[in-house]
Protein chains: 2
Amino acid sequence: MPLGTDYARQDCSLARSLEVVGERWTLLILRDCFWGVRRFSDLQAHLDISRAVLSTRLDALVADGLLTRSGDGHPEYHLTDDGLALWPALYALTQWGEQRTTPGAPRRVFVHVGCGRLGRDGRCTGCGESPSPGDLEIHPGPGADFTVRDDPVSVGLRTPHRLLTPLPAR
Amino acid sequence: MPLGTDYARQDCSLARSLEVVGERWTLLILRDCFWGVRRFSDLQAHLDISRAVLSTRLDALVADGLLTRSGDGHPEYHLTDDGLALWPALYALTQWGEQRTTPGAPRRVFVHVGCGRLGRDGRCTGCGESPSPGDLEIHPGPGADFTVRDDPVSVGLRTPHRLLTPLPAR
DNA sequence: CTCAATCAGTTCGACCATCAGACCAAACCC
DNA sequence: GGGTTTGGTCTGATGGTCGAACTGATTGAG
């Protein structure tokens, strides 16, 4: 928990959110899940995160109902509806970072499949709606840098990829 | 910084965002700034945060250009344009927390002054636009609980209050 | 089927952040 | 000018995070 336990006495929904997704690494793990990453080792390799912390975070996300752990052998992690509902917040935070650091050259571009591009406000430039993540493709943008990482997830993102479908492709 | 320094080698705008606003307490401090809190002691009393940490966070937010520190005597903290641009992300996270914990009874309701209410997607139910925070009023909602806190900021929020105007009123 | 490699963690000790509380100097109030 | 408030800093105790080593189950190759 990112907040002291006595923070339960704060009457604010943002604090409630941060108790679940405010810890170090948690939002980056969920971002990878939206992109389709499902395996422990892929998350670990892509995030350069300590295995101990990744294990703790995944346990917490499953306990909080944002992820499910499935499979009898090596588990796969999938977003629940509660997890999927986080997409607008995640996208808004990403856009804020993009606008601050590389305003003219986005690292990633999201495409509403068969329709238009996703604008900064999360609306499709084609239909004007806010597509659900499953209807989106992530494309490398002009600000992307392919030289920094060689893990399977980073490699898989060098070409367009439908969100929520397995990454790396198997 | 919430992420290891070597995370500079990650090619992702979300990571960039989290390096600025991902630390414990930072988003709650900014939330208070949107509500109009400007003084060190008001933040400290409302958040129940250690003074040392609050001091560190405010320094970082000023250095990152999200807040300005003004006044020759006791300083006032104000949001910059970069800080104000965070509003959609902050609102989206708040709505996610509200939907998860108290779906039918929001703790706070935001009103586009003279127009309509703010929907879950940040659009006004009246005009359909996404108002900037300065055009919004925060009202206590049906899920608000006035019994938990008695600091000046909490008291000031028991009645409708225009965002970005001084809180507590002086 | 056997054996090695991979996967999904757990454990460990070093290090860093956060906490509550004490302390302090400048600003403000009378 | 003196006392109070404000806005911090400092300190020792506690808890989180780190990289690296270790482990046991699963999977794949032959």
Side-chain angles (χ1 to χ4, degrees), chain A residues 1-10 15 18-29 32-33 37-63 67-78 151-153 166 168 170, chain B residues 1-10 15 18-29 32-33 37-63 67-78 151-153 166 168 170:
Chain A
M1 239 184 325
L3 307 172
T5 48
D6 59 299
Y7 225 80
R9 293 186 58 254
Q10 266 282 342
L18 292 175
E19 282 170 355
V20 178
V21 301
E23 280 177 308
R24 194 152 143 76
W25 296 113
T26 300
L27 278 178
L28 293 177
I29 292 168
D32 276 14
C33 291
V37 183
R38 296 174 179 179
R39 304 289 294 269
F40 186 96
S41 57
D42 289 328
L43 288 167
Q44 201 272 323
H46 186 227
L47 294 170
D48 275 336
I49 182 180
S50 136
R51 275 188 269 273
V53 173
L54 178 56
S55 180
T56 306
R57 292 293 181 276
L58 288 171
D59 286 348
L61 287 169
V62 170
L67 294 180
T68 57
R69 192 193 319 256
S70 59
D72 44 355
H74 295 163
E76 288 197 356
Y77 296 93
H78 286 255
D151 60 273
V153 173
R170 271 165 293 162
Chain B
M1 238 183 327
L3 306 173
T5 48
D6 60 299
Y7 224 80
R9 292 186 60 254
Q10 267 279 342
L18 292 175
E19 284 170 353
V20 178
V21 301
E23 281 177 308
R24 194 153 143 76
W25 297 112
T26 301
L27 278 178
L28 294 177
I29 292 168
D32 277 14
C33 292
V37 184
R38 296 175 178 179
R39 304 290 293 268
F40 187 95
S41 57
D42 289 328
L43 288 167
Q44 201 272 325
H46 187 226
L47 294 170
D48 274 336
I49 183 180
S50 134
R51 275 189 272 271
V53 173
L54 178 55
S55 181
T56 306
R57 292 292 181 276
L58 288 172
D59 285 349
L61 287 169
V62 170
L67 293 180
T68 57
R69 179 189 268 122
S70 59
D72 44 355
H74 294 162
E76 287 196 356
Y77 296 93
H78 287 256
D151 60 273
V153 172
R170 271 166 293 163

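Naming: A, B, ... by sequence-line order, numbering from 1 per chain.
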CG-CG distance between B:D151 and B:D48, expressed to the nearest 0.5 angstrom: 7.5 Å
Roughly how many Å is it from CG in B:L58 to C1' in D:dG7, rounded to a whole number? 10 Å
Is the phosphate of C:dG9 approached by A:Y77 (side-chain N or O, under 4.0 Å from OP1 or OP2)? yes
Mind calculating the distance between CD1 (B:I29) and P (D:dG8) to the nearest angstrom? 12 Å
Can you pull every protein N or O that's under 3.5 Å from an N or O on nucleotides 24-28 of chain D?
{"unit_1": "D:dT26", "atom_1": "O4'", "unit_2": "A:H74", "atom_2": "NE2", "d": "3.4"}

Rounded to the Å, how far apart are A:D48 CG and D:dT17 P? 17 Å
Donor-acceptor pair between B:Y77 and B:R38 side chains, under 3.5 angstrom: no
Nearest-neighbour nucleotide for the A:V53 side chain, C:dA8, D:dG8, D:dC18 considered: D:dC18
What N/O pairs connect the protein and nucleotides 10-16 of chain C at under 3.5 Å? Give each pair on its own line.
{"unit_1": "C:dT10", "atom_1": "OP2", "unit_2": "A:S55", "atom_2": "OG", "d": "2.6"}

Main-chain N/O of B:A52 paired to B:S50 side chain as donor or acceptor, under 3.5 Å: yes
Side-chain heavy-atom pair A:L43, A:L58 within 4.5 angstrom cut-off: yes
Working to the nearest 0.5 angstrom, can you tell me the gap between B:L61 CG and B:T68 OG1? 11.0 Å
Length of the CD-C1' vector between B:E23 and D:dG16, whole Å: 14 Å
OP1, OP2 of D:dG7 versus side-chain N and O of B:R38: anything below 4.0 Å? no
Between D:dG7 and B:R39, is there an OP1 or OP2 to side-chain N/O distance shorter than 4.0 Å? yes
Atom CG of A:L54 and atom C1' of D:dC18 are separated, to the nearest Å, by 14 Å
For the pair made of CD in B:E76 and P in D:dG8, what is the distance, rounded to whole Å? 13 Å
Non-hydrogen atoms of B:T26 and B:V21 that approach each other most closely: CG2-CA, 3.7 Å
Please report, rounded to the nearest Å, how far the P atom of C:dT18 is from the CG atom of B:L28. 14 Å
Closer than 4.0 Å, any side-chain N/O of A:W25 to the OP1 or OP2 of D:dG16? no
First locate atom OG of B:S41, then atom CZ of B:R51, and finally report the distance between them rounded to the nearest 0.5 Å. 9.5 Å
Could you tell me the separation between the CD1 atom of A:I49 and the C1' atom of D:dT17, rounded to a whole number of Å? 10 Å
Say you draw a straight line from CG of A:L27 to CZ of A:R57; how long is it, rounded to the nearest 0.5 Å? 11.0 Å
With no hydrogens and no angle check, is any side-chain donor or acceptor of B:E76 less than 3.5 Å from a backbone partner on B:R39? no
